[in-house]
Structure formats: structure tokens, C-alpha cells
**Q** 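Would you mind keeping the following structure in view while I ask a few things?
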Number of protein chains: 2
Amino acid sequence: MKIKQNIKIAVDAIVFGYQENQLFVLLIKQKYGDLKNQWALPGGFVKDDEPLKKAVVRELKEETGVKVTTMEQLYTFGDDLKRDPRLRVISVAYFGTVNPKELKLNAGTDAEEAKWFPLENIPKLAFDHKKIIQKAFERLKAKLNYQPIGFDLLDSKFPFSDLENLYTTILQKPIDRRNFRKKILSFDFIAETDEYRKVGSGRPGKLYVFKNKRYNDLLKQGISFEIKFA
Amino acid sequence: MKIKQNIKIAVDAIVFGYQENQLFVLLIKQKYGDLKNQWALPGGFVKDDEPLKKAVVRELKEETGVKVTTMEQLYTFGDDLKRDPRLRVISVAYFGTVNPKELKLNAGTDAEEAKWFPLENIPKLAFDHKKIIQKAFERLKAKLNYQPIGFDLLDSKFPFSDLENLYTTILQKPIDRRNFRKKILSFDFIAETDEYRKVGSGRPGKLYVFKNKRYNDLLKQGISFEIKFA
DNA sequence: ATATATTGCGTATATATTACACAATATGAA
DNA sequence: TTCATATTGTGTAATATATACGCAATATAT
């Protein structure tokens with residue numbers, strides 16, 4: 001069976017990190033080709049005998065040194081025929097979240113450099129990658145309404161305010177602290193420890209941990225967050 | 001720039017129809033090749049100079065005679081290397097909804113036959129198409145929670161019970177009629193007419209129409225349906 | 001006329017959301 | 001050491017939303 005078709009298929013990875021009240025995106029600087037030295041999302045062509053999911057995990061590892069296995073399919077970009085000016089490429093984008101503290105970047109042999117960029121300050125990117133990041137962020141934001149978040153992004157022990165700041169950062173609006181706390185605690189996916197963390201001045205905050213099982217159950221079954229109290 | 005990659009890319013269409021308290025899926029019987037006479041989703045290979053969205057619209061037209069332009073990207077199936085036993089094919093699935101009453105099917109030259117099948121009674125399908133339909137139905141179900149539905153599925157004038165039955169059919173559980181009505185009317189996306197429809201016995205129902213602008217606004221901005229009252 | 005099917009409709013109760021402010025505990029500077 | 005400043009921790013009342021629930025009205029079929 002012969003099909004005449006000259007389209008290539010690639011995967012791209014949007015990895016969000018969170019640190020000090022800011023969201024970051026992992027980017028690489030291209031090493032070869034026409035686009036040398038341009039910043040872009042990690043990604044590359046899919047191998048003939050490789051599932052899409054594995055392709056994106058592999059590319060991430062090769063180009064950034066980051067090992068993330070839980071990547072969610074975001075969208076397939078294939079309407080703009082010239083999104084890659086060199087040839088027709090359809091890209092399946094995946095996104096995921098990590099705690100940058102727990103990783104060290106390593107551009108390896110495939111990229112010139114791998115670096116975290118604040119979402120608010122993304123450089124000029126190759127292809128339609130800016131649009132892809134935009135879409136990924138919208139999805140992340142939408143997910144707050146129906147899934148718990150934080151496990152992959154925060155330290156394993158964290159003050160309550162970290163979780164609160166994560167939400168306000170992503171939602172880009174303030175939240176009533178008392179109502180937020182009440183709501184989160186009612187979901188029962190985090191638990192107090194008896195440790196405290198002091199950060200600069202101010203009363204030290206009690207540290208919390210994620211309740212693993214409950215958190216994962218809620219990921220699957222979904223929650224209804226509905227934060228209107230801005 | 002030469003990339004060695006031998007993967008083909010296809011699109012598949014899941015079109016849902018609704019009639020008499022049943023959801024239907026549009027299928028075609030293959031005309032050529034190894035899979036001749038097997039039922040499958042409408043779809044086919046993407047042309048080199050064709051956006052994905054156009055490819056799925058074209059294939060639908062060619063294989064079923066149905067002209068649907070609002071197709072939403074569902075998911076890209078590319079993890080199972082042998083989903084097409086003949087060669088590596090990655091399929092981008094799109095789904096949409098139509099009112100079967102307003103269409104006549106026409107298999108054209110590309111398919112042997114095009115036919116509506118009740119979702120509850122899908123025949124053996126080629127490839128992983130059963131899985132794809134399953135995923136599309138889950139998405140449709142999920143969408144009830146955050147978008148209005150019915151405009152594409154129901155007659156332009158419809159009794160309230162049609163909308164109610166559409167919801168119960170998709171959600172596969174009963175709904176309290178009074179609370180449902182209250183909720184729907186509060187969204188303000190349908191309006192009364194002064195016409196009535198009598199169907200067999202029983203009191204005739206007042207006919208409603210969709211408020212176009214409001215409906216579309218709600219599609220974009222989203223609603224919160226949250227039907228717990230089963 | 002009577003049985004049967006379907007539509008149309010309101011209220012009381014429970015639950016969830018929202019608005020809102022002050023005391024407790026730490027650090028840093030005078 | 002005291003005072004200013006920063007941050008955490010907490011409860012209640014008002015309002016809005018969700019839920020449970022049953023009967024009369026209007027048609028057809030016999």
C-alpha cells in the first residue's frame with residue numbers, strides 16, 4: 001500500500017515550572033540548521049517505530065536533560081501549512097508541570113542551551129511556538145477549575161501560602177484567603193505536618209503535604225473549583 | 001532538508017446525530033483495499049497542501065455527502081504503532097454534531113455506503129475506531145457541564161422535552177424536570193414561541209427556539225451546568 | 001366518558017458561596 | 001527592648017444556589 005504524502009510529524013513539549021510566584025516555561029536554543037540560535041520549545045520528529053508519547057519524553061530528555069513522564073496531549077497543530085517554513089510539519093503538542101528546584105537542566109548534544117523563561121517574558125520563538133505556549137497556558141488555567149494542582153509544581157512540604165500563590169499566579173487575580181483555604185481543605189487532598197517554615201519576616205507557616213491517594217483520585221474523578229471570589 | 005520518516009497522517013470524523021431519544025454515529029462501509037466492506041469512521045489521508053481542518057471536512061463530504069464545517073479537534077491517536085496494520089498511521093480525530101433530519105447521506109464514489117448507527121449498537125469497526133468513538137462520547141458528555149448543547153442537534157423549533165431528553169440521553173441518567181427547566185431557562189439561551197407541537201397523546205408542548213447570539217456567547221464563555229439532581 | 005400520556009409549574013429546605021477583620025507570631029530597625 | 005512591618009491563622013452572618021417534591025391542565029385513544 002503506497003500513499004503519496006510528504007508531511008512530517010513532530011512533537012513539542014511545553015513544560016511549566018513554578019518558583020517564587022512566577023510560572024516558567026522550559027525552552028531550548030537550537031544548535032543546528034536554519035534556525036540555529038533561535039529559542040524554541042523542546043521537541044522533534046517522531047521516529048517510525050515510536051509512540052507519540054515516547055517521542056516527546058525522549059526529546060525532552062535529549063534536549064533539556066529533564067525526565068518528565070506525565071505529559072498530557074494538548075493539541076495538534078496542522079492547519080498552518082507554513083508553520084515550519086522549510087517543509088510541511090504537523091506538530092502534536094504535549095504539556096506537563098514540574099518543580100524546577102528538583103531538576104538540573106542539561107542541553108546535551110542536541111541543543112545549544114536549555115533554560116527556564118518566565119511566562120511573562122518569553123523571547124522571540126521559532127515556528128508558531130508562542131501560540132502553542134499560549135494555548136497550553138489557557139489549558140492549565142482551565143484545569144484549575146476541575147482538577148487539583150500543585151503536586152508536580154510545589155516542594156513536597158509547602159506552606160499553605162505557596163498553594164494559594166500558585167493559584168493566584170495562574171489565575172492572574174487575587175483570591176480571598178479565608179475562602180480559598182476553606183475550599184481547598186474541604187477537598188481533603190492536603191494534610192498538615194507539624195513542621196513550620198519561616199521565610200524572612202512574618203509568622204512562620206505550617207507545612208503541608210499532598211495526600212497522594214486522595215490527590216490522584218481527584219485528578220481522575222474531577223473537582224469543581226469555581227473560584228469566583230476574586 | 002531531508003527527514004527520514006515514514007509515517008502517514010490521517011483524519012477521522014466522529015459525527016453525532018440525535019433522533020428519538022437516541023444518539024447516532026455516522027459510519028461508512030469501506031469500498032476498497034484490505035478492509036473492503038468493513039465499517040469505519042469517515043476519514044482519510046491528509047493532502048500535502050491541506051490544513052487538517054479542511055481535510056476532515058473534505059473527507060466527510062466525499063464519503064458521506066454530509067457538509068459539516070464546525071468540527072472540533074478531539075485527540076490525536078498515535079501511540080499504537082499497529083493501529084493500522086498496514087503501515088504507521090497517526091490519526092487526528094475531529095468530532096461534531098448534526099441533526100440527521102436535515103441531511104441526506106450519500107456515500108459518493110469513495111465509500112460503499114454511509115449510514116447512521118445507534119451509539120448503543122455500533123458494529124465491528126476497522127482500526128481503533130471503536131476506542132475513538134468512546135473518547136468522543138466522553139468528551140460530548142463532559143461538554144454538557146460547561147457548554148450549552150442542542151443547536152446543531154435539535155430541530156430549529158423544538159418542545160422543551162426534546163432538550164431535556166437530549167440531556168438525559170447523553171448523561172444516561174434521569175433528571176428532575178422542574179429543576180432542569182429552571183436551570184436551562186436561567187441561562188437564557190432558548191426562547192418560547194407561540195407555537196405548539198402535538199405528538200401522539202398528551203398535552204401539546206410549547207415550542208422553543210435557540211437564541212442565537214446568547215447561545216454562541218455561552219459557547220465561548222462557558223457555563224456551569226453541574227447536574228447532580230439525578 | 002373514562003383511561004392514559006404528556007406538559008407546565010412553585011415552594012420549602014438544605015447546601016454552598018461570598019464578604020469581611022483582627023489577633024498571633026515572626027523579623028528588622030531604631 | 002521596643003516598635004514597625006510582614007505574614008499566618010481563623011469564624012460568622014448574609015446571600016445565592018441546589019435540591020426535593022406532586023398535582024392540575026390538555027391532549028389522544030378506547
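None of these values were measured; they are calculated from a predicted model. Labels below follow one simple rule: chain letters A, B, ... track the order of the sequence lines, proteins then strands, and each chain is numbered from 1.
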**Q** CG of B:D176 versus C1' of C:dT7: gap in Å, rounded?
**A** 14 Å

**Q** Round to the nearest Å and state the distance from A:F180 atom CZ to D:dT10 atom C1'.
**A** 16 Å

**Q** Measure from CZ on A:R178 to P on C:dT17 and round the result to the nearest Å.
**A** 17 Å

**Q** Between the side-chain atoms of B:K182 and the base atoms of C:dT11, is any donor-acceptor pair under 3.5 Å?
**A** yes

**Q** Output all residues satisfying ring pair (Phe, Tyr, Trp, His ring centres under 6.0 Å) with B:F189, sequence neighbours left out; order by chain, then residue number.
**A** B:Y215

**Q** Rounding to an integer number of Å, can you tell me how far B:I223 CD1 sits from D:dA18 P?
**A** 11 Å

**Q** Is it true that a side-chain atom of B:K141 and a backbone atom of B:I170 form a donor plus acceptor pair closer than 3.5 Å?
**A** no

**Q** Salt bridge (charged side-chain N to carboxylate O under 4.0 Å, His left out) with B:K101: which residues, sequence neighbours excluded?
**A** B:D155

**Q** In whole angstrom, what separates B:I175's CD1 from D:dT19's C1'?
**A** 14 Å

**Q** By side-chain hydrogen bond (donor to acceptor under 3.5 Å, both in side chains), which residues pair with A:K130, not counting sequence neighbours?
**A** none

**Q** Please report, rounded to the nearest Å, how far the C1' atom of C:dT18 is from the CD1 atom of A:I184.
**A** 16 Å

**Q** Within the structure shown, what part of the strands sits under 4.0 Å from B:R181 by heavy-atom distance: base, sugar-phosphate, or nothing?
**A** sugar-phosphate

**Q** What residues, two or more places apart in sequence or in another chain, satisfy ring pair (Phe, Tyr, Trp, His ring centres under 6.0 Å) together with B:F95?
**A** none

**Q** Does anything in residues 192-207 of chain A reach DNA chain D, meaning a heavy atom under 4.0 Å, and if so which residues?
**A** A:S201, A:G202, A:R203, A:P204, A:G205, A:K206

**Q** What is the separation between atom CG on A:L185 and atom P on D:dT8, rounded to the nearest whole Å?
**A** 15 Å

**Q** Report the distance from atom CG of B:N179 to atom C1' of C:dG8, rounded to the nearest whole Å.
**A** 14 Å

**Q** With both distances under 3.5 angstrom, what nucleotide forms a Watson-Crick or G-U wobble pair with D:dT30?
**A** C:dA1

**Q** Among all residues two or more places apart in sequence or in another chain, which pass the side-chain hydrogen bond (donor to acceptor under 3.5 Å, both in side chains) test with A:R58?
**A** A:E50, A:E62

**Q** Is it possible for you to check whether A:K115 lies under 6.0 Å from the centre of the six-membered ring of A:F117, through NZ or CZ, and within 45° of that ring's axis?
**A** yes

